[in-house]
Peer 1: 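Got a structure here, written out as structure tokens. Questions coming.
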Amino acid sequence: MLCDICKKREATIHIQEIVNNSKKAMHLCSECALKKSQNDPSFDFGGFNLAEMLYNISESQGGIPGLTMPQKTAESPDKETSTLKCPSCNWTLKALRQTGRVGCPECYNVFREVIDNALENMHRGKLHVGKKPGTKGPDTTSAKMLELMNLQKELDEVIQREEYEKAAELRDKIRSLKNKITPKKNIKKNAAK
Amino acid sequence: MPQNKIDELLKHDVSWLLDSGHDGDIAISSRIRLARNIQGLPFPIAASPAELEQVQAAAEMALKKSEVIGKKYIDFHMADYTEVERQILLERRLISNEFVKKDQHTSLFVKQDESCAVMINEEDHLRIQTLCPGLQLMKVWEQINKLDSELEESLPYAYDSKLGYLTSCPTNVGTGMRASVMLHLPGLVLSGKINAAIQGVNKLGLAVRGIFGEGTDNRGNLFQISNQSTLGESEPQIIERLNTVITQIISHEKSCRNTLLADKKYFLLDHVGRSYGILRHAYTLSSEEALNSLSDLRIGVDMDMFNSVDLHTVNKLFLTINPAHLQKFAQKELSSQERDIFRAAYVRKQLKDADHKN
């Protein structure tokens, strides 16, 4: 049975909702179910966090939404990419699909397209903006970060005490400190305005 | 002799169990783990035994030079230890579940106070971890960042200018960083607000797990909140986001506790008192019951109910009631039933001793 949403992938999650004698059924594949629970606040199972469940289950089985495929499909991969193999470690596309892992650093070049597609589902961005080798870490000094965290904590407390004027002051301080820490982003924001 | 190394480890105080000060009963510990691999060698999943040995040798050499690790450390070659012994390391959060079963060409480097631990040849060549008591993510980051930079001087890391640090699993690529905080949230649980809180946290892109496994297991009212994404944000950005959310959760937890105290004070006191009674006098104690009772004890400590029990006692018990630890103390393998009996006896003694000291 195919997924109700994408109509492409096999539905592996079958949800039945019974409310006052009316029955509703939904059949989803793991990717769409994950997306739906992340984007739709009303999609909930009385406390059960589906995204969490899926992510964990798929992780423990070595599965990653968008990257790995269930056993059946993995055995008959796309014709064009079926010969894809890493020259460095002999890892194949099939192995990647089955385990969700790559064999060596070179694999990231060999399977770049496949991995690139999956990165969107996994992460908040596709480009690395953190620590680079040979540096002691990002330029942001931890002292500034510490100050930022203290200000945020203070803001939280002040709001609870309903001291809104003080809160506004703190909010501005936080804003300007954030701008100092990541100046590039700030420029882009202003440009958009 | 391998045996002595585990004994050695158990002798010293665990740094992240020590009093964590402010909010220490809610935020129990902060942890950051970095995944790193050596350029030019396959990841453990595709490496030959010879290549794995190469990684082990290079990593060990680099670790021995580290100032952060220092001179007081213990190194374990996992193949030299039984599964029960490896379970002890798992219970102390020094290794992962996967590592317990992987005994070929795997080693563990642990700083004596257990604030720092490095797994070699788990899913990645190096899995570096640093722990601190309470909510101190920035402090943990400073420590681990320093260690990481030190190791990098002897080990050329696999790195891509676009994708960042390359890891065996694309879910770790980029910063390779998983930051998490262990939280004790009985207020939210007892007020029926924990699920809403978890959903709220999930919507912000953070993962919440019970600490004893996956999903919604909330034994001991303990939860771990961590980042899911490792790419597209810098390390301080990830930490800031995590810290903001956790600060809010802590504040939410406090207000739930205050409400409970105001409306149901005797219900709470009774709940805690009964759990203390069980721990003090039971003759069989399952792991689950012990963990739940310890959670209540923690609340009691927060409410200043006890003269003799403090956070340190609770934290220590939390660690030592685990199955592998108990078998180590008993110095033999115990069946599940025997463990329950031994656990009860152990807890009775610990609490009795704490009482006598006061």
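So that the names make sense, note that chain A is the first sequence line, chain B the second, and so on, each numbered from 1. Just so it is clear, the model here is predicted, and its values are computed rather than measured.
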Peer 1: If you compare all heavy atoms of B:Pro42 against all heavy atoms of A:Cys89, which two are closest, and at what distance to 0.1 Å?
Peer 2: CB-CB, 4.4 Å
Peer 1: Would you please test B:Leu163 and A:Tyr108 for side chain to side chain contact (heavy atoms under 4.5 Å, CB included) and show each step?
Peer 2: CA-CA 9 Å; B:Leu163 295 175; A:Tyr108 278 92; 3.7 Å; yes
Peer 1: Within a 6.0 Å radius of atom NZ on B:Lys102, are there more than 12 heavy atoms belonging to other residues, nucleotides or ligands?
Peer 2: yes
Peer 1: Would B:Val173 and A:His123 satisfy side chain to side chain contact (heavy atoms under 4.5 Å, CB included), going step by step from the backbone distance to the final call?
Peer 2: CA-CA 9 Å; B:Val173 90; A:His123 299 291; 4.3 Å; yes
Peer 1: What heavy-atom pair brings A:Leu127 and B:Leu231 nearest, and what distance separates the two atoms?
Peer 2: C-CD1, 3.7 Å
Peer 1: Does any pair with a residue in residues 30-42 of chain B pass salt bridge (Lys or Arg N to Asp or Glu O under 4.0 Å), and if so which ones, sequence neighbours excluded?
Peer 2: B:Arg36-B:Asp148
Peer 1: Checking B:Leu151 against chain A: side chain, backbone, both or neither under 4.5 Å from a heavy atom?
Peer 2: neither
Peer 1: Looking at A:Ser88, A:Cys107, A:Gly125, which has the largest count of heavy-atom pairs under 4.5 Å with chain B?
Peer 2: A:Gly125
Peer 1: Given a strict heavy-atom distance threshold of 4.5 Å, which part of B:Glu152 is in contact with chain A: side chain, backbone, both, or neither?
Peer 2: side chain
Peer 1: Please report the C-alpha distance between B:Glu123 and A:Arg101 in whole Å, then the side-chain angles of each, then the deciding distance to 0.1 Å, and finally whether the side chain to side chain contact (heavy atoms under 4.5 Å, CB included) criterion is met.
Peer 2: CA-CA 10 Å; B:Glu123 190 182 288; A:Arg101 309 234 187 109; 3.1 Å; yes
Peer 1: Of the backbone (N, CA, C, O) and the side chain (C-beta and beyond), which part of B:Thr167 lies under 4.5 Å from a heavy atom of chain A, both, or neither?
Peer 2: both
Peer 1: Pair B:Gln237, A:Arg124 - check side chain to side chain contact (heavy atoms under 4.5 Å, CB included), show working.
Peer 2: CA-CA 12 Å; B:Gln237 281 173 329; A:Arg124 290 172 85 90; over 6 Å; no
Peer 1: My understanding is that only one of B:Asp160, B:Leu41, B:Leu166, B:Ile38 makes a side-chain contact (heavy atoms from CB on, under 4.5 Å) with A:Pro105; could you say which?
Peer 2: B:Leu166
Peer 1: Heavy-atom cut-off 4.5 Å, strictly under: side chain, backbone, both or neither for A:Glu106 against chain B?
Peer 2: neither
Peer 1: How close do B:Tyr165 and A:Lys132 get, heavy atom to heavy atom, and via which atoms?
Peer 2: OH-C, 3.6 Å
Peer 1: Taking every heavy-atom pair that is under 4.5 Å apart, which of B:Thr175, B:Asn97, B:Leu137, B:Asn37 has the most such pairs with chain A?
Peer 2: B:Thr175
Peer 1: Which residue out of B:Asn227, B:Thr247, B:Thr230 racks up the most heavy-atom pairs below 4.5 Å with chain A?
Peer 2: B:Thr230
Peer 1: Examine whether an atom of B:Tyr157 lies under 4.5 Å from a heavy atom of chain A, and if so say whether it belongs to the side chain, the backbone or both; otherwise answer neither.
Peer 2: neither
Peer 1: Looking at A:Lys131 and B:Trp141, what are the two nearest heavy atoms and their distance?
Peer 2: CD-CH2, 4.4 Å
Peer 1: Tell me which pairs pass salt bridge (Lys or Arg N to Asp or Glu O under 4.0 Å) where either residue lies in residues 114-123 of chain A, with sequence neighbours left out.
Peer 2: A:Asp116-A:Lys126, A:Glu120-A:Lys126
Peer 1: Between B:Phe43 and A:Val102, which heavy-atom pair has the shortest distance, and what is it?
Peer 2: CD1-O, 3.3 Å
